[in-house]
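To start, the structure itself, in structure tokens.
Starting from 1, each residue takes its place in the sequence as its number.
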Amino acid sequence: MRGFSHPPMHRGEKSFGIQMLSVQPDTKPKGCAGCNRKIKDRYLLKALDKYWHEDCLKCACCDCRLGEVGSTLYTKANLILCRRDYLRLFGVTGNCAACSKLIPAFEMVMRAKDNVYHLDCFACQLCNQRFCVGDKFFLKNNMILCQTDYEEGLMKEGYVAQVR
């Protein structure tokens, strides 16, 4: 498997889309779900089936403007959160298959089948060659191998099989 990935969403996690809409001058101003004032700005956000000023739809932890950091927000325990804070507070952590140290839920990882790795740990476990996105690697006996070490292992196995 190739590429960087975030940890997967798990059952019970809620993510919602954010839409930016331009306010039509001929429509009645909508009320903001954050501050309860009328939205007279040029643009408004629609999320959670409510309307918001761009400044009012913010992460409860870091106060970032959710319309600026992406098109998704997360909710749990009556909190509205950005992805990073949602994963930091409620995400599932795991251990790296190479070094066995904890991987925080918000950290980027590499995956090979069921194994998850820190980006720095994703390397051939025989020669320590680091892999880049798109590089070919092999998973044999739960070890990540570069093409050279994988092929050398196959040749040794083939030779042993012929001798027997």
Of all heavy-atom pairs between [X] and [Y], which one has the smallest distance, and what is that distance?
{"X": "Leu79", "Y": "Ala60", "result": "CD2-CB, 3.9 Å"}
{"X": "Cys82", "Y": "Cys59", "result": "N-SG, 3.4 Å"}
{"X": "Ala97", "Y": "Tyr117", "result": "CB-CE2, 3.5 Å"}

Distance (rounded to the nearest 0.5 Å) between [X] [atom1] and [Y] [atom2]:
{"X": "Leu66", "Y": "Thr72", "atom1": "CG", "atom2": "OG1", "result": "10.0 Å"}
{"X": "Ile80", "Y": "Leu73", "atom1": "CD1", "atom2": "CG", "result": "6.0 Å"}
{"X": "Cys124", "Y": "Asp135", "atom1": "SG", "atom2": "CG", "result": "11.5 Å"}
{"X": "Asp41", "Y": "Cys32", "atom1": "CG", "atom2": "SG", "result": "9.0 Å"}

Could you work out, with side chain to side chain donor-acceptor pair (under 3.5 Å) as the rule, every residue matching [X], not counting sequence neighbours?
{"X": "Ser100", "result": "none"}
{"X": "Asp120", "result": "Arg130"}
{"X": "Arg88", "result": "Asp85"}

side-chain contact (heavy atoms from CB on, under 4.5 Å), that's the test. Do Leu48 and Thr75 meet it? Break it down for me. CA-CA 10 Å; Leu48 305 170; Thr75 64; 4.1 Å; yes

Got a sec, which pairs hit side chain to side chain donor-acceptor pair (under 3.5 Å) with one end in residues 30-39, sequence neighbours left out? none

Which pairs pass side chain to side chain donor-acceptor pair (under 3.5 Å) with one or both residues in residues 43-66, sequence neighbours excluded? Asp55-Arg65, Arg65-Glu68

Considering only Ile, Leu, Val, Met, Phe, Trp and Tyr, and joining two whenever side-chain heavy atoms are under 4.5 Å apart, list the other residues clustered with Leu102. none

Tyr74 and Arg83: CA distance, side-chain angles, deciding distance, side chain to side chain donor-acceptor pair (under 3.5 Å) verdict: CA-CA 6 Å; Tyr74 298 80; Arg83 177 180 173 84; 3.2 Å; yes

Using ring centroids (six-membered ring only for Trp), state whether Phe137 and Phe122 fall under 6.0 Å. yes

Kindly determine whether Leu89 and Cys61 satisfy side-chain contact (heavy atoms from CB on, under 4.5 Å), including the steps that lead there. CA-CA 10 Å; Leu89 293 171; Cys61 285; 3.5 Å; yes

So do the side chains of Leu45 and Leu21 get within less than 4.5 Å of each other, counting heavy atoms only? no

State, yes or no, whether a side-chain contact exists between Tyr86 and Lys76 at a heavy-atom distance under 4.5 Å. yes

Could you give the side-chain donor-acceptor pairs of residues 141-155 under 3.5 Å, partners two or more places apart or in another chain?
| residue | atom | partner | partner atom | Å |
| --- | --- | --- | --- | --- |
| Asn142 | OD1 | Asn115 | ND2 | 2.8 |
| Gln147 | NE2 | Glu151 | OE2 | 2.9 |

Start with the C-alpha distance between Met108 and Leu119, add both sets of side-chain angles, then the distance that settles side-chain contact (heavy atoms from CB on, under 4.5 Å), and finish with yes or no. CA-CA 7 Å; Met108 294 287 276; Leu119 293 182; 4.1 Å; yes

Shared hydrophobic cluster, Ile18 / Phe16 (ILVMFWY, side-chain heavy atoms < 4.5 Å): yes

Test side-chain contact (heavy atoms from CB on, under 4.5 Å) on Phe90 and Leu81 and set out the steps. CA-CA 11 Å; Phe90 303 109; Leu81 302 164; 3.8 Å; yes

Partners passing side-chain contact (heavy atoms from CB on, under 4.5 Å) against Lys101 (at least two apart in sequence or in another chain): Cys99, His118

